[in-house]
Chemist: 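Quick one: this structure, given as structure tokens, is what I'll be asking you about.
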Amino acid sequence: MHNREIAALFDRMADLLDIEQANPFRVRAYRNAARTVGGHAKPMSELLARGDDLSRLPGIGKDLAAKIAEIVETGRLRALEELEQRVPAALSELMHIDGLGPKRVRSLYHALGVRSPADLSAALEGDRIRSLPGFGARTVEKLRHGIEMLAASEKRTRLVDAEQIAADLLEWMRGSRGLKSIEVAGSFRRRCETVGDLDLLVSAARGSDAMDRFVRYREVDQVLAQGKTRATVRLRSGMQIDLRVVPQASHGAALHYFTGSREHNIAVRTLAVRKKLKLNEYGVFRGDTRIAGRTEADVFAAAGLPFIAPELRENRGEVEAALAGRLPRLIELDDIRGDLHCHSSASDGHPSIAQLAQAALALGYEYLAITDHTRRASVAHGLVRKRLEQQMREIDRLNAKLDGIVILKSAEVDILEDGSLDLPDAVLRELDFTVCAVHYGLGLPRERQTERILRAMDNPLLNVLAHPTGRLIDVRRPYAIDLERIMRAARERGCAIELNAHPDRLDLNDVHCRLAKAIGVRVAIGSDAHACDDLALLRHGIDQARRGWLEAKDVLNTRGLATLRKLLRR
DNA sequence: GCCGTTTTCGGCCCGACTGTTTTCAGTCG
């Protein structure tokens, strides 16, 4: 039973309790628990196996800890099954339709026997639904649309794609009259790997036309809501955009509020409440007096906190760390001294090694590792021994000519199904270091896949384990491995773990980075560039590293070349 | 159902917009 599945059971519990009109705080407790469990890096089964006290997890008390144990042991949750005797399980799905909450779902079910989206569609065709209180013509229309959108509503957009959408929209919005500032807040600003929608925050003088201009944007497909300070539209791309307009005096408070996450906001507001203050999107108030609001730093200070970077605002311990003065000094792109993963035309990349070196030099790097695929990756023209040896000689020649940058000899060596490496040790030994990865046999059972990688790491010629989980965002799930065990083994053996920064991968993800830091294994951030421009993709890795609390000292390629060589040695 | 600088009970973040309502409930973020 995976954490995700446990979380799903708790979410369903919350939905059904909500429909049953249970204590709303009890409902929230289940939702919080779902989030805690679903976002936890280690399987609950593992925590239990080693005797951890689950009630020490945030939002998990004695009761929920016992329920987690019950699910892990039996695969069932009796409380949910009992609840489903009273409230049909399928009603949970209706809660995900835009415009339907617990009250309307309850009313639809009791009055019309609606249990599923299909039932709802049928009900919307008839006129009985109009007899229900709160179901007018507009609501019926909205629900029709909501059912259509149900499938799409789960879809999230990769951050890198959202950046494009945001850039175009910002350019349009900057033509607004009276505009003081405009920013994208929300999960975009927290640099989540995917975003569901975009939250746009505008500070503007009175009489600004920002709101009008927003709904007139050429890409707008539908205006879903529009008030004086807030509007929501859906673009032709399907992306939903929320706009909020606030006065400048509230800019910091609004930026904090709309950056979220929701859970982080609740944590900070709770702190404010304890100080007898009120925090909302307009500022921090003592009584009716605004004591902060212009900048985010002011808002944090009023709540008794130092500035917390947006990437940390997930209520994953950042508020406690801030109170204790133990916030990390997050890594920045400028800390990076070189790239440890890229491909030349020798395998599946486009540019020559010389072109890649020039591009890396232009980025201010001190070194660049060429990591073409090896033999086994035949579709990517993987290098056989002879071609790799030729490449090493070419790199020697280039290094003799180049000034200001050193090209490192490396390869993205396949980890074969039996855990051996794809080229003989004799040739790997000639490289400065290796980046090793699994590309085939992704479907092995967890234990075997883990053993395979551990065996590969037993070879002292393995230096960096590349894209450790193999996931491709929205395309391929991570392969089954015991990542924590692999990380521990990597630390013991002096291997590093890659954070592959390619926007298709982001592998390690943010939670894994946090785990790597806790275990103390060093992270190597690589762009996995296949073109010169791709070297810039490394910034996406920095985003996730920051979300995972990584500091410059946790990352291998923030070191100068001499130190890097020392740290790579096993 | 959780939690504790208001600590084992009594709180639990806060406001905008919509639609259907004649003053507000429901939903959403």
Chemist: Heavy atoms under 4.0 Å, any strand shown: does Pro102(A) hit a base, just sugar-phosphate, or nothing?
Modeler: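 Answer is sugar-phosphate: Pro102(A) comes under 4.0 Å of backbone atoms only.
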
Chemist: Answer with base, sugar-phosphate or nothing: what part of the nucleic acid does Leu271(A) contact at a heavy-atom distance below 4.0 Å?
Modeler: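 Nothing, no heavy atom under 4.0 Å.
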
Chemist: Side chain of Arg262(A), base of dG29(B): donor and acceptor closer than 3.5 Å?
Modeler: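 Such a pair is found, so the answer is yes.
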
Chemist: When you check the side-chain N and O atoms of Arg290(A) and Ser250(A), is any donor under 3.5 Å from an acceptor?
Modeler: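 Yes - a donor-acceptor pair under 3.5 Å links their side chains.
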
Chemist: Assign each of Arg130(A) and Met211(A) to its nearest nucleotide of DNA chain B by heavy atoms, then name whichever residue's nucleotide is nearer the 5' end.
Modeler: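 This one resolves to Met211(A).
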
Chemist: To the side chain of Arg138(A), which of dC28(B), dG19(B), dT6(B) is closest?
Modeler: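 From the listed options, dG19(B) comes nearest.
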
Chemist: Considering every strand and a 4.0 Å limit on heavy-atom distances, what is the contact class for Lys275(A): base, sugar-phosphate, or nothing?
Modeler: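 Result for Lys275(A) = nothing.
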
Chemist: Is it the case that the base of dG29(B) and the side chain of Tyr257(A) share a donor-acceptor contact (distance under 3.5 Å, atom types as modelled)?
Modeler: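 Yes, a donor-acceptor pair under 3.5 Å.
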
Chemist: Under 4.0 Å between any heavy atoms, over every strand shown, what does Ala137(A) touch: base, sugar-phosphate, or nothing? Just pick one.
Modeler: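 Ala137(A): backbone/sugar contact only, no base atoms under 4.0 Å.
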
Chemist: Mind checking if Asn265(A) touches a base, just sugar-phosphate, or nothing, with heavy atoms under 4.0 Å?
Modeler: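 Asn265(A): no heavy atom of the nucleic acid under 4.0 Å.
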
Chemist: Base, sugar-phosphate alone, or nothing: which one does Lys62(A) contact when heavy atoms must sit under 4.0 Å apart?
Modeler: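 If one applies the 4.0 Å heavy-atom cut-off, Lys62(A) turns out to touch the sugar-phosphate alone, with no base involved.
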
Chemist: I need the CG-C1' distance between Leu243(A) and dC28(B), as an integer number of Å.
Modeler: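 Checked: the CG to C1' distance equals 16 Å.
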
Chemist: Among dC14(B), dG15(B), dG26(B), which is the nearest nucleotide to the side chain of Val273(A)?
Modeler: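 That would be dC14(B).
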
Chemist: Nearest whole Å is fine: how far is dG10(B) C1' from Asn23(A) CG?
Modeler: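 Asn23(A) atom CG is separated from dG10(B) atom C1' by 12 Å.
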
